Amino acid sequence: SYGGFVSAVYALRHHNALRKMIIVCGAIDLNDMSSDLLVDEMRHSLSDESQRIMNIPVKSNIDFKRFVEHSLPLYFYDKKYVSEFNLKNKSSYRYSAYCKGELERRKLAHYRKLYSSIDTSTLIIDGKYDFIEGPMSSELFRKSAHNCSYCLFEKSGHFPFVEEQALFLRTVTNFLT
């Protein structure tokens, strides 16, 4: 998510150093996140407990860990990946790192006005069921940047490289060759 924004800022600052750039489910447009329709669909798919936890203010690592665990179903189209992902990443949930990233992202929001100056060949990949960033998040970049290709993965959430791995590898390989 945040890596997409970092990549866009890097492309603005160091465009001569890049030949190609790939952004996967990136938080590129900081104002236009998932559509209201997707958000409504997302809320209906959550359990009552998950909805309650997602509305609790997050003020500590423990709160943040609970928040992440209950929001994981939003990252995947195929829910079989949720428990596997949670087990692998449980120790890496850090609220302070999340807050620092969000603050940096807000401070750099003015960069979105400069996307039209990016001419690096760019591939943007989104998952159709990505309720975290969603296809709307990359729309401004796709419309503004020059030489931009787009691929929407129909059976993926926030991690198309996990849920549609073969298609992802083909898409990236074709772009890079």
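Everything quoted here is computed from the prediction, not taken from an experiment. Index from 1, following the sequence.
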For this session: Please round to the nearest 0.5 Å and tell me the distance separating atom OG of Ser121 and atom NE2 of His146.
Result: 13.0 Å
Problem set entry | Criterion side chain to side chain contact (heavy atoms under 4.5 Å, CB included) on Thr122 and Asn147, from CA distance to verdict | CA-CA 6 Å; Thr122 303; Asn147 203 10; over 6 Å; no
Exercise. Is the backbone N or O of Pro135 less than 3.5 Å from a side-chain atom of Ser138, with the two atoms forming a donor-acceptor pair by type?
Worked result: yes
For this session: Quick one: do Leu18 and Tyr10 satisfy side chain to side chain contact (heavy atoms under 4.5 Å, CB included)? Show the steps, please.
Result: CA-CA 9 Å; Leu18 293 175; Tyr10 185 87; 3.8 Å; yes
Seminar exercise, completed: dist Ile125:CD1 -> Ile23:CD1 (nearest 0.5 Å) comes out at 10.5 Å
Problem set entry | Residue pair Arg142 / Cys148: nearest heavy atoms and the distance that separates them | CA-SG, 4.1 Å
Problem set entry | Heavy-atom closest contact (Asp130 atom, His158 atom, distance) | OD2-ND1, 2.7 Å
Exercise. If you look at every heavy atom in Met21 and Ser7, which pair is closest and at what distance?
Worked result: SD-O, 3.5 Å
Problem set entry | Reported CD1-to-CG distance for the pair Ile22 and Leu176, which is rounded to 0.5 angstrom | 4.0 Å
Problem set entry | Exercise: identify the closest heavy-atom pair between Leu152 and Gly127 | CD1-C, 3.9 Å
Exercise. Can you name the salt bridge (charged side-chain N to carboxylate O under 4.0 Å, His left out) partners of Lys143, sequence neighbours left out?
Worked result: Glu139
For this session: Quick one: sort the Phe161 and Phe168 rings into parallel, tilted or perpendicular, breaks at 30° and 60°.
Result: perpendicular
Seminar exercise, completed: Minimal heavy-atom distance between Asp126 and Cys25, with the atoms involved, is OD1-CA, 3.6 Å
For this session: Could you tell me which non-hydrogen atom of Glu164 sits nearest to which non-hydrogen atom of Lys155, and how far apart they are?
Result: OE2-N, 3.0 Å
Problem set entry | Ring-face cation of Lys20 near Phe175 (centre distance under 6.0 Å, axis angle within 45°) | yes
For this session: For Glu163 and Gly157, indicate whether the former's side chain and the latter's backbone hold a donor-acceptor pair under 3.5 Å.
Result: yes
Problem set entry | Heavy-atom side-chain proximity of Ser149 to Ile124 below 4.5 angstrom | no
